[in-house]
Amino acid sequence: MPSTPHKYTFYNRLRTSFLADIYNVCRFILRFFAEVFRPPYEFRETVKQCYNVGYKSFALVSLTGFITGMVFTNQSRPSLAEFGATSWLPGLISIAIVRALAPLITSLIVAGKVGSNIGAELGSMKVTEQIEAMEVSATNPFKFLVVSRVVATTLMNPLLVCYMGFIGLLGAYVNVHQHENTSFAAFFQHGFSSISFLDIFASIIKALIYGFTISITGCYQGYNAIKGTQGVGKAANVAVVVSMFLIFIEEMIIVQVVNQFR
Amino acid sequence: MRKSPVDIDKQNAVVRIRGLYKSFDTLDVLMGMDLDLYKGENIVVLGRSGSGKSVLIKLIAGLLKPDKGTIRVAGEEVDRLSPKELQELRLKIGFLYQGSALYDSMTVRENLEFPLVRNSPPLTRKERDAAVYEVLENVGLAQSIDKMPAELSGGQKKRVGIARTLILHPDIMLYDEPTAGLDPITSSDIITLINEVQQKYQTSSVIITHDLTCAKATGDRLALITDGKFSREGSFEEVFRTGDTEAKKFYDYNFIIDP
């Protein structure tokens, strides 16, 4: 028996197309900005997420940062040695770590660890109707789940980037000290004299943007997961792949913009 | 016929549905459905899988929007409410999901406190604990207060799910397959609990089920969905003591013998 007339022609195709995806992502982001400043605030959940994102990533970031600093120094030495310029190592390493390696590598680690976790957790909650259950119990699941996670990741990523920068430089120092017998004070004095306020500022801005990108992508994928357990896996996977891709695009744009101020 | 534990006020429909249509893409699910749920009444909705039973209660809770028709809950037209008004209306509605939908990263206590702290005037720790204990006592699970949902059995999860809805003292309960996946004894416990909730909290309920034992024991009225509409409505005997093939198939499957 025919019921309501179906309007599933051009509009419906558009609704399920790539353009519609972009529209939905924009709506999701706008909803975040609308909800983030509106009370009530989920302080407890945000602090819990800060702990999950920040504290629980420390070990991984420490290890990766230290190895990155050491390996990068080791790989750079022969090229500088050809020109007898190994004394430039602290400066070169500091610039590389502060400007590019710390924000980029930390954010890629956070995307892999935190982004996939957010995608899978929210996806699992979506397919088991936990998000709907929050809604029906007169609570705002978006505020509790999305706003808290995005705020926590956006705030924690710059801290992790600063920490990784320091650990990376420490790794580089160990390597330089082994080969050139440079003192701790001399290494850091030389290193810091090579970097400017703009380098640190740009790095922190990058970290904020990447943190936001990772968390909003993970939340969007998880919050809109469909098709049961398969959808949960897909949400986690897409969250990582898309956020990593976006981080590289953003890196390219931010570097161009920052270079205008040098 | 079941004797209702509360007086049903047939002048006061807490849910009134008229001419309800809902489709998903090209699939028509509900096609001109009418329903009244009276104060204090338990109505059981029966139907095949995919017949739109769960869609019906999601429409009542305002989780889906109808294509056509009106749904009035506690006098309010659900799809015309602003998000804030809808949130206020939902305080009067309790929803038990088929899979219980307990928040699996929280303990039983936190699951129950979650709607309470966000929807009540500020409560002290003592008042919160008292409210949580009271509902858990009512569902017989006070000893599981600090367990995680993963540590509970299917029947216990359903009980906690019911407790979580009761903590806000709803007027209307929506049960989605409350006995699905449970053994007969646990099902019987849940059926008893549904009746106790009706009596103690004076709720009106829509109960979605395939289980005719549950339907007979909890329903003051039964409604059978066929082709997106209620094809039969009335007491258990009125619905099943007929020549209706759909009703007969349902009865035969559940009780094996002819009605």
Side-chain angles (χ1 to χ4, degrees), chain A residues 1-9 11-16 20 27 31 34-35 38-45 48-49 51-52 56 117-118 120-145 147-149 222 226-229 232, chain B residues 19-32 54 57-58 60-64 66-69 83-84 86-106 111-112 114-120 149 161 164-165 167-168 170 174 176 227-229:
Chain A
M1 182 192 124
S3 60
T4 46
H6 292 134
K7 294 163 251 161
Y8 299 113
T9 49
Y11 168 73
N12 212 35
R13 279 203 296 276
L14 193 69
R15 196 163 63 87
T16 54
R27 275 189 61 181
R31 188 175 171 192
E35 302 259 10
R38 192 186 298 156
Y41 304 108
E42 295 284 353
F43 283 121
R44 240 180 111 181
E45 182 62 15
K48 187 180 157 195
Q49 291 306 323
Y51 173 81
N52 284 342
K56 289 193 174 173
N117 192 21
I118 292 175
E121 191 182 6
L122 265 57
S124 158
M125 290 184 78
K126 175 75 192 301
V127 301
T128 54
E129 296 177 312
Q130 292 176 51
I131 293 180
E132 213 176 84
M134 282 185 185
E135 207 172 321
V136 89
S137 61
T139 323
N140 184 348
F142 193 93
K143 198 170 260 292
F144 181 76
L145 298 170
V147 173
S148 61
R149 280 162 177 75
I226 46 167
K227 294 178 187 167
T229 46
V232 178
Chain B
L20 184 64
Y21 284 83
K22 180 69 190 172
S23 50
F24 296 95
D25 292 336
T26 53
L27 178 70
D28 294 322
V29 181
L30 304 181
M31 295 185 282
S54 300
I57 55 171
K58 285 187 180 183
I60 294 172
L63 292 166
L64 294 172
D67 295 339
K68 209 172 135 189
K84 196 172 182 325
L86 188 58
Q87 202 162 328
E88 278 164 19
L89 179 69
R90 282 177 180 155
L91 293 173
K92 298 176 186 167
I93 301 173
F95 198 123
L96 176 71
Y97 282 86
Q98 188 175 348
S100 305
L102 298 181
Y103 313 133
D104 48 20
S105 60
M106 301 180 198
N111 262 279
L112 268 62
F114 187 83
L116 189 66
V117 295
R118 286 164 179 80
N119 293 300
S120 305
R164 189 175 63 186
T165 64
I167 204 153
L168 293 176
L174 306 172
D176 192 359
D227 297 329
K229 278 183 178 176

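Order of the sequence lines fixes the chain letters, A, B, ..., with proteins taken first and strands second; residue numbering starts at 1 for each chain. Side chains included, hydrogens not; waters and symmetry mates left out as well; all remaining heavy atoms used. Keep in mind the model is a prediction, meaning the values are calculated, not measured.
Among all heavy-atom pairs drawn from A:Val136 and B:Ala61, the shortest one is CG2-CB, 3.7 Å. Here the shortest heavy-atom pairing between A:Ala138 and B:Leu91 reads CB-CD2, 3.5 Å. Closest heavy-atom contact between A:Ala133 and B:Arg164: CB-NH2, 3.6 Å.
For B:Asp104, the parts sitting under 4.5 Å from any heavy atom of chain A are the backbone and the side chain alike. With a 4.5 Å cut-off on non-hydrogen atoms, B:Leu102 touches chain A through its backbone but not through its side chain.
Side chains of A:Glu132 and B:Leu63 form a contact here, defined as non-hydrogen atoms less than 4.5 Å apart. In this structure the side chain of B:Arg118 reaches within 4.5 angstrom of the side chain of A:Glu42, judged on heavy atoms. The closest side-chain heavy-atom distance from A:Gln130 to B:Tyr97 is not below 4.5 Å.
For A:Arg31, the CZ atom is densely surrounded, since the number of other residues' heavy atoms within 6.0 Å is greater than 12.
Proximity of a side-chain donor or acceptor of B:Asn119 to a complementary backbone N or O of A:Thr139 within less than 3.5 Å is not detected.
The structure places OG of B:Ser105 at 6.0 Å from CE of A:Met125, a figure rounded to the nearest 0.5 Å.
Using a 4.0 Å cut-off between charged nitrogen and carboxylate oxygen, B:Lys58 and A:Glu135 do not count as a salt-bridge pair.
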